[in-house]
Amino acid sequence: MKTFTQIQEALAKLPRVQLGFYPTPLYYLTNLSTQLGVDIYLKREDMSGFSPFGGNKIRKLEYLLGDALQKGADTVITFGATQSNHAMQTATACRKYGLAAHLFLHRVIQEEKELRANLLIDHILGANVHYSNSREESIWQAEITAAQLEKDGHHCYIIPGGGSNAVGATGFVDSFAELSRQIPTSQASEYLFHATGSGGTLAGLLAGKELLASAIQIISIAVGQKDTSYSEKILALTRETTARLGFSTTFTASDLHVDHNFYQPGYEEPNEAATAAIHLLAQTEGILLDPVYTGKAFAGMLHYIRSGIVPQKSRVIFLHTGGTLALFAEKNITGKI
Ligand SMILES: *Cc1c(COP(=O)(O)O)cnc(C)c1O
């Protein structure tokens, strides 16, 4: 087990830029807690950054861009769906640090002709947007572009989709440590719910939980179809992230709780439970969720509470990871809001 200070000291040795304002707020949802019979707290990672359209990628980008600048890069290449929150936040962060951003975006859903939501912001930021029809095609396009840029004297830094490598995931070790300082101690059972996609958020949270020997149960709601290697991938990333901080620890599959029951019909495709969750939080607390990530994760959390898997009077923390610009995206993404 490590102390909060030991973790802070290890983090302080890593290259980092400043993009966010911390700690992000954590507060109690009075109305919804009364309605559901559990104590619900919201951790506002959606309020992480200098842009109102921030989200969970900001913490990752602090370490990723820190690493990019230390390596002498002048250009960042990254990947995502056309409405990628990660790509938009990367383009935003790159502007602040004078880096050129190349976004390789693949279509997941049928798009409308007008620019909307994240894609609109990508254009306002003047990012170099490259479209494709698949993840594979994006990778192939990026290799060609990077080779050309290097030939022209640029130095490229490649960030994987979602910023989910050990460098990016480090941001969520920081987030977990911060959270551990914000929640008042109690004897009640504690749960932390969040949406999981590319997995860097989960890997960082898990590393933080293990290092601090926290008893909180992390329940991760998948937002798209994952193959059977997903857990192994997360565990490997968690080990790598911990090692990067100079610590070692032993994780097993039993430390993971990923629930695949709430994303259907698919990534970026709306469902009724998520739409109901968006309406519920908006109408009880005046807080907005998004249809792709947080709406589905919140719907999962509501199911755990209402079915009694999470016992009454428990303390439940929901990590709001951002993404609300998707409320202004194509109808195919928002559904019947
Ligand atoms: C990317 C994203 C997530 C998932 O985070 P990962 O680290 O990719 O698992 C959750 N919520 C929102 C709003 C996101 O943009």
Side-chain angles (χ1 to χ4, degrees), residues 24 42-49 51-64 78-93 105 108 117-119 121-122 135 159-176 192-208 218-226 230-231 233-234 237-238 241 256-260 262-263 267-268 274 277-278 281 287-301 318-329 333-334:
T24 57
L42 201 58
K43 172 75 168 156
R44 301 292 303 264
E45 293 294 291
D46 57 322
M47 293 171 62
S48 57
S51 155
F53 310 127
N56 68 331
K57 304 311 179 305
I58 295 297
R59 294 224 193 227
K60 299 178 182 182
L61 285 161
E62 292 202 339
Y63 290 96
L64 288 162
T78 200
F79 304 90
T82 32
Q83 283 295 353
S84 167
N85 298 315
H86 161 71
M88 182 278 290
Q89 290 170 81
T90 302
T92 306
L105 308 180
V108 173
N118 283 310
L119 196 54
I121 307 294
D122 294 342
R135 208 178 292 258
I159 298 179
S164 286
N165 56 17
V167 178
T170 305
F172 277 89
V173 178
D174 211 356
S175 173
F176 189 89
L192 174 61
F193 282 87
H194 73 106
T196 187
S198 61
T201 302
L202 171 52
L205 293 172
L206 197 59
I218 300 177
I219 300 178
S220 313
I221 309 293
V223 298
Q225 199 182 351
K226 305 285 174 211
Y230 190 65
S231 294
K233 194 188 117 184
I234 301 289
L237 188 54
T238 307
T241 306
L256 274 183
H257 186 112
V258 181
D259 193 320
H260 299 273
F262 299 94
Y263 71 81
Y267 179 66
E268 278 197 350
I278 292 170
L281 189 63
I287 295 163
L288 298 173
L289 297 168
D290 80 286
V292 182
Y293 291 94
T294 53
K296 289 181 177 177
F298 210 86
M301 182 184 82
F318 184 80
L319 198 72
H320 192 325
T321 42
T324 44
L325 264 186
L327 290 171
F328 307 96
I333 292 180
T334 57

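All figures in this text were calculated on a predicted structure; none of them were measured in a lab. The analysis underlying the following values was restricted to heavy atoms, covering all of them including side chains, and did not include hydrogens, waters or symmetry mates. Atoms within a ligand are numbered from 1 in the order they appear, just like the ligands themselves.
- Cation-pi contact between Lys57 and Phe172: absent, since separation from the ring centre below 6.0 Å together with deviation from the ring axis within 45° is not met.
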Between ligand 1 and the protein, find all N/O pairs closer than 3.5 Å and give the distance for each.
unit_1	atom_1	unit_2	atom_2	d
ligand 1	5 (O)	Asn56	ND2	3.0
ligand 1	5 (O)	Thr201	OG1	3.3
ligand 1	7 (O)	Lys60	NZ	2.6
ligand 1	7 (O)	Gly200	N	3.4
ligand 1	7 (O)	Thr201	N	2.9
ligand 1	7 (O)	Thr201	OG1	2.7
ligand 1	8 (O)	Ser198	N	2.9
ligand 1	8 (O)	Ser198	OG	2.5
ligand 1	9 (O)	Gly197	N	2.7
ligand 1	9 (O)	Ser198	N	3.3
ligand 1	9 (O)	Gly199	N	2.9
ligand 1	11 (N)	Thr321	OG1	2.6
ligand 1	15 (O)	Lys57	NZ	2.9
ligand 1	15 (O)	Asn85	ND2	2.8

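- Lys43 contributes no side-chain N or O that, together with a main-chain N or O of His320, makes up a donor-acceptor pair within less than 3.5 Å.
- For Ser198, the side-chain hydrogen bond (donor to acceptor under 3.5 Å, both in side chains) partners two or more places apart in sequence, or in a different chain, are Ser164.
- Considering only residues two or more places apart in sequence or on other chains, Asn118 meets the side-chain contact (heavy atoms from CB on, under 4.5 Å) condition with Gln83, Asn85, Met88, Leu325.
- Not one N or O on the side chain of Lys296 forms a donor-acceptor pair closer than 3.5 Å with the backbone of Gly224.
- For Tyr230, there are no ring pair (Phe, Tyr, Trp, His ring centres under 6.0 Å) partners two or more places apart in sequence or in a different chain.
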